[in-house]
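Below is one structure, written out as structure tokens; comments come after it.
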Amino acid sequence: MTIKLVDLEVCSRTTAGVLRYTATFGDGLNVLAAPNSFGKSTFLQSVIYALGLEGMFSAGRKPPFGPAMLSVADLPNGARGRVRESWVTLTVANERGHLLRAKRFVVSDEIDTFLVQTWQAQSYGALRDARRVDMFVRQPGSAARELGFHHELARFVGWDLPMVPGFNSAEVPLYIECLFPLFYVEQKSGWSGVTPRMPTYLRIRDMLRRSVEFILGLSTLDRLRAVAALRAEEESLRASWQLSVRRVAEAAETMQARLSFLSESPVTPARRQDVVAEIFASGQWFPLQSVIEQWRARLRHLESSDLVPAGQRTDAARAELATAENELRKLGASLRLVMEQLNLVRNDVDLLASRLASLNAERERLLDLRKLRRMGSGLEIAAISDDACPTCGQSLDGREVGTGVAADIDQSLLENEAEKSTLESVRDAASQRFDSLDRDRRAIESLINESRQKVRYLRDELAGPSASPSKAQVQEQIQLTSMVDQGSRILDFVEDANELLGEMAEQWQDIRDRMRDLGDSAASPEDQEIVARLQQSFREQLADYGLRSIPPNEISIDPETLLPVNDGMELAFDLTMAISASDMIRTKWAYYVAIFEAAQASRRGRHAGLLIFDEPRQQETDRGSLSEFVKRLSSGAAAGCQVIYATSEDPRELRQVLQNVSYNLLPAPGSHLLAPQ
């Protein structure tokens with residue numbers, strides 16, 4: 001899973017001529033030594049730009065180059081030319097020896113800067129005849145789609161980029177822009193602290209930690225993946241549960257039935273009870289199963305009896321009519337009672353909502369007062385008057401005012417929170433009561449409609465021809481048949497739902513168990529060994545580089561954040577911690593190299609095998625420290641890491657630093673990187 005730079009071309013075609021720079025990289029340590037303003041940063045930024053990784057520094061879309069690549073170039077003969085077209089071409093190789101060439105324009109009238117022209121081959125000579133494939137970068141989908149350049153680059157390197165937690169509960173890929181800050185330190189602001197500058201606009205939680213975990217091959221990232229998969233499974237199961245609940249509730253609604261023991265959210269088998277359908281009758285709720293049995297018994301009685309003419313059952317019809325009208329009056333009285341209770345509960349809910357709004361406003365006022373107090377304001381809370389409380393505004397009599405002094409701000413906030421919590425509980429209970437009464441209202445209204453229909457048929461029967469069949473009996477038989485059929489369907493639906501919810505409860509328990517196992521698991525022995533190796537390498541280097549501000553053995557790598565800490569605090573240039581600016585540079589050197597060495601020793605390490613340093617000698621770090629750093633880089637180079645080292649050191653001093661070190665010197669002719677060809 002490594003990437004090696006093979007060659008680079010930087011070209012600017014101007015109205016005064018073509019300016020170009022080409023370089024071939026070797027294995028191991030590559031040194032670009034040139035004076036200031038030569039264009040070393042342009043050279044390194046060209047590598048990053050060709051790979052479409054400038055987004056690791058900024059969300060901006062402007063190419064990270066100076067005028068010579070963007071607008072106007074100065075030629076050595078004094079002429080100036082307007083840039084008509086410019087581009088960079090980079091060839092890289094992976095650990096299998098396959099090659100990828102990427103050409104990306106900086107300025108062009110025809111080709112967008114988001115397009116990358118690519119060629120791939122298994123040998124350098126075959127690149128010339130390879131088929132060109134155009135891809136896009138720094139656009140939505142560039143890390144996930146087939147023609148996205150970063151999707152292809154990750155495949156080429158051999159990285160399977162994981163999904164990691166983002167903000168707003170979203171999951172996003174661990175983009176390549178999150179990884180390369182661990183391989184490249186740019187000059188402008190890259191040396192400002194120990195840790196890399198990360199592209200925070202990508203909205204990834206704990207981005208640096210996730211990137212280091214991926215590079216080191218820690219199983220914590222695998223656990224994170226497993227947790228993410230479990231959460232996705234959990235959300236899918238929750239959605240299925242709620243869909244099943246909604247469907248069975250809609251089925252029950254067709255008969256104005258209610259469902260008892262129905263949980264809106266998934267529960268474990270120990271907490272789940274079978275759902276029971278109930279129907280309102282005779283002023284109370286009965287299980288639908290028992291009511292259906294009564295309906296069936298009545299229906300069997302009607303079906304076994306012969307229908308008689310209306311004239312033969314006049315007395316019975318009148319008695320039934322009286323009973324039905326009496327039942328209708330009772331139902332009407334019950335409905336009025338329920339409506340009165342509904343109105344009362346609705347008023348309670350509205351009053352509670354209003355009071356909660358007042359409490360929230362009062363809390364904001366108290367917080368503002370506390371803020372002003374901490375700023376030095378002498379503002380006090382008003383004393384309680386004889387007839388009103390300044391907190392709730394309620395009237396008081398003289399007996400309720402003991403001292404005439406209000407509680408202090410913190411006490412008032414505590415009382416505010418306590419009252420708010422109580423009122424929210426009361427409001428929730430009132431809302432549940434309202435829902436229950438509203439369900440009773442709908443059930444009673446349904447029974448009233450049925451009773452009215454029965455009264456109407458009985459009256460029609462008494463007023464109709466005496467020889468005609470009894471309309472009331474016929475209608476009752478039809479109605480009972482319909483209700484039995486409809487109720488049976490609801491019971492079947494509830495039975496199926498109970499079976500399905502039971503299965504989902506088992507699945508929910510399984511997810512809970514697996515989530516608990518993942519959450520309780522400590523770092524694996526292998527992870528602990530990798531982090532220990534990271535810390536050992538880091539401390540060794542600090543001692544070799546001559547760290548003086550803090551004893552190296554007092555600095556450790558936090559196993560949670562994977563950052564260097566001292567006494568639990570992240571290292572930073574801070575005079576109060578007595579850490580000098582030059583020692584911060586030493587710690588940065590050590591951190592980058594330690595990550596490579598730990599990843600290389602890790603069985604699952606995913607380091608790119610590439611380190612790029614732009615002017616690593618910052619803050620006048622002494623030459624002895626720099627020599628030790630270069631030796632460590634040379635050791636890494638011998639172990640397979642390709643190092644690009646750009647410096648403006650004095651040539652004689654640089655030769656001393658590079659003594660006894662194998663390196664490849666990159667061309668730096670003339671006074672500027674770009675020169676006429």
Side-chain angles (χ1 to χ4, degrees), residues 1-11 20-36 38-51 53 88-102 123-125 127 157 180 182-187 190 589 592-593 596-597 600 607-617 623 626-675 677:
M1 298 182 183
T2 60
I3 184 172
K4 184 178 75 173
L5 308 184
V6 177
D7 59 36
L8 174 71
E9 177 192 53
V10 185
C11 189
R20 192 186 307 271
Y21 176 84
T22 58
T24 299
F25 301 92
D27 295 336
L29 178 61
N30 293 262
V31 179
L32 175 60
N36 288 325
F38 172 77
K40 298 184 296 297
S41 295
T42 299
F43 167 76
L44 298 180
Q45 290 282 19
S46 296
V47 173
I48 298 302
Y49 183 77
L51 295 175
L53 294 170
V88 297
T89 305
L90 176 69
T91 305
V92 296
N94 60 22
E95 62 183 9
R96 300 185 304 276
H98 297 174
L99 293 123
L100 167 67
R101 177 168 291 165
S123 66
Y124 193 87
L127 278 174
V157 176
F180 260 77
L182 294 168
F183 312 143
Y184 173 44
V185 186
E186 52 97 18
Q187 180 184 9
W589 294 346
Y592 274 73
V593 176
F596 164 72
E597 292 179 353
Q600 185 191 41
H607 199 282
L610 175 69
L611 288 172
I612 303 175
F613 298 103
D614 191 357
E615 296 287 4
R617 190 191 178 206
R623 209 163 305 285
L626 186 64
S627 296
E628 291 298 325
F629 175 53
V630 171
K631 288 180 183 177
R632 196 79 179 207
L633 290 178
S634 178
S635 299
C641 184
Q642 186 182 47
V643 181
I644 314 299
Y645 183 105
T647 179
S648 56
E649 288 284 304
D650 179 88
R652 289 173 299 179
E653 296 178 347
L654 180 62
R655 282 195 293 271
Q656 294 178 2
V657 170
L658 294 173
Q659 276 185 344
N660 302 320
V661 171
S662 298
Y663 62 93
N664 173 46
L665 191 63
L666 297 174
S671 59
H672 195 272
L673 180 83
L674 293 172
Q677 297 293 307

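- A heavy-atom distance below 4.5 Å is found between the side chains of Ile644 and Leu44.
- Across every non-hydrogen atom of Phe596 and Cys641, the tightest pair is CZ-CB, 3.2 Å.
- Aromatic ring centres of Phe629 and Phe613 lie closer together than 6.0 Å.
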Quiz prompt | Test log, rule ring-ring contact (aromatic ring centres under 6.0 Å, His included), inputs Tyr21 and His672 | solution = CA-CA 9 Å; Tyr21 176 84; His672 195 272; 9.7 Å; no
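- Across Val10 and Ser46, no two heavy atoms sit closer than the pair CG2-OG, 3.5 Å.
- Between the side chain of Lys40 and the backbone N or O of Pro35 there is at least one donor-acceptor pair closer than 3.5 Å.
- Side-chain contact annotation: Glu615 with Ser648, donor-acceptor N/O pair under 3.5 Å present.
- Here the CG atom belonging to Asn664 is positioned 8.5 Å from the CG atom belonging to Leu29, to the nearest 0.5 angstrom.
- Separation of atoms CG (Leu633) and CG (Leu611) is listed at 7.0 Å; rounding is to 0.5 Å.
- Going from atom NZ of Lys631 over to atom CG of Leu626 covers 11.5 Å, rounded to the nearest 0.5 Å.
- Side-chain atoms of Trp589 do not come within 3.5 Å of backbone N or O of Val630 as any donor-acceptor pair.
- Residues Val185 and Asp614 fail the side-chain proximity criterion, which asks for heavy atoms closer than 4.5 Å.
- In the model, Thr24 has no side-chain atom that pairs as donor or acceptor with a side-chain atom of Asp7 under 3.5 Å.
- The two residues Tyr645 and Pro616 make their nearest non-hydrogen contact at CE1-CG, 3.3 Å.
- A distance-only check finds a donor-acceptor pair linking the side chain of Asn30 to the backbone of Gly28 [under 3.5 Å].
- Shown here for Thr42 and Leu673, the closest heavy-atom pair between the two residues is CG2-CD2, 4.1 Å.
- A salt bridge links Arg623 with Glu649: the distance from a Lys NZ or Arg NE/NH1/NH2 to an Asp or Glu carboxylate oxygen falls below 4.0 Å.
- A distance of 10.0 Å separates CD in Glu653 from OG in Ser627, rounded to the nearest 0.5 Å.
- Residues Ala23 and Phe43 share a closest heavy-atom pair of CB-CE1, 4.2 Å.
- To the nearest 0.5 Å, atom OG1 of residue Thr22 and atom CG of residue Leu8 are 8.5 Å apart.
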Practice problem: Please lay out, stage by stage, how Val47 and Leu90 fare under the test side chain to side chain contact (heavy atoms under 4.5 Å, CB included). | Solution: CA-CA 7 Å; Val47 173; Leu90 176 69; 4.0 Å; yes
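- A distance-only check finds a donor-acceptor pair linking the side chain of Gln642 to the backbone of Leu5 [under 3.5 Å].
- Considering only heavy atoms from C-beta on, Leu51 comes within 4.5 Å of Phe180 through its side chain.
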Practice problem: Begin with the C-alpha distance, continue with both residues' side-chain angles, and end with the deciding distance and a verdict on side chain to side chain contact (heavy atoms under 4.5 Å, CB included) for Glu9 and Arg20. | Solution: CA-CA 7 Å; Glu9 177 192 53; Arg20 192 186 307 271; 2.5 Å; yes
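- Look at Asp27 and Lys4 and you find a salt bridge, because one of the NZ, NE, NH1 or NH2 atoms lies within 4.0 Å of a carboxylate O, short of that distance.
- Glu597 contributes atom CD, which lies 15.5 Å from atom OH of Tyr592 (distance to the nearest 0.5 angstrom).
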Exercise. Take Val92 and Leu99, measure what side chain to side chain contact (heavy atoms under 4.5 Å, CB included) needs, and give me the verdict at the end.
Key: CA-CA 6 Å; Val92 296; Leu99 293 123; over 6 Å; no
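- Of all the heavy atoms in Arg101 and Leu127, the pair that sits closest is NH2-CD1, 3.7 Å.
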Exercise. Kindly indicate, with the supporting measurements, whether the criterion side chain to side chain contact (heavy atoms under 4.5 Å, CB included) is fulfilled by Val6 and Phe25.
Key: CA-CA 5 Å; Val6 177; Phe25 301 92; 5.8 Å; no
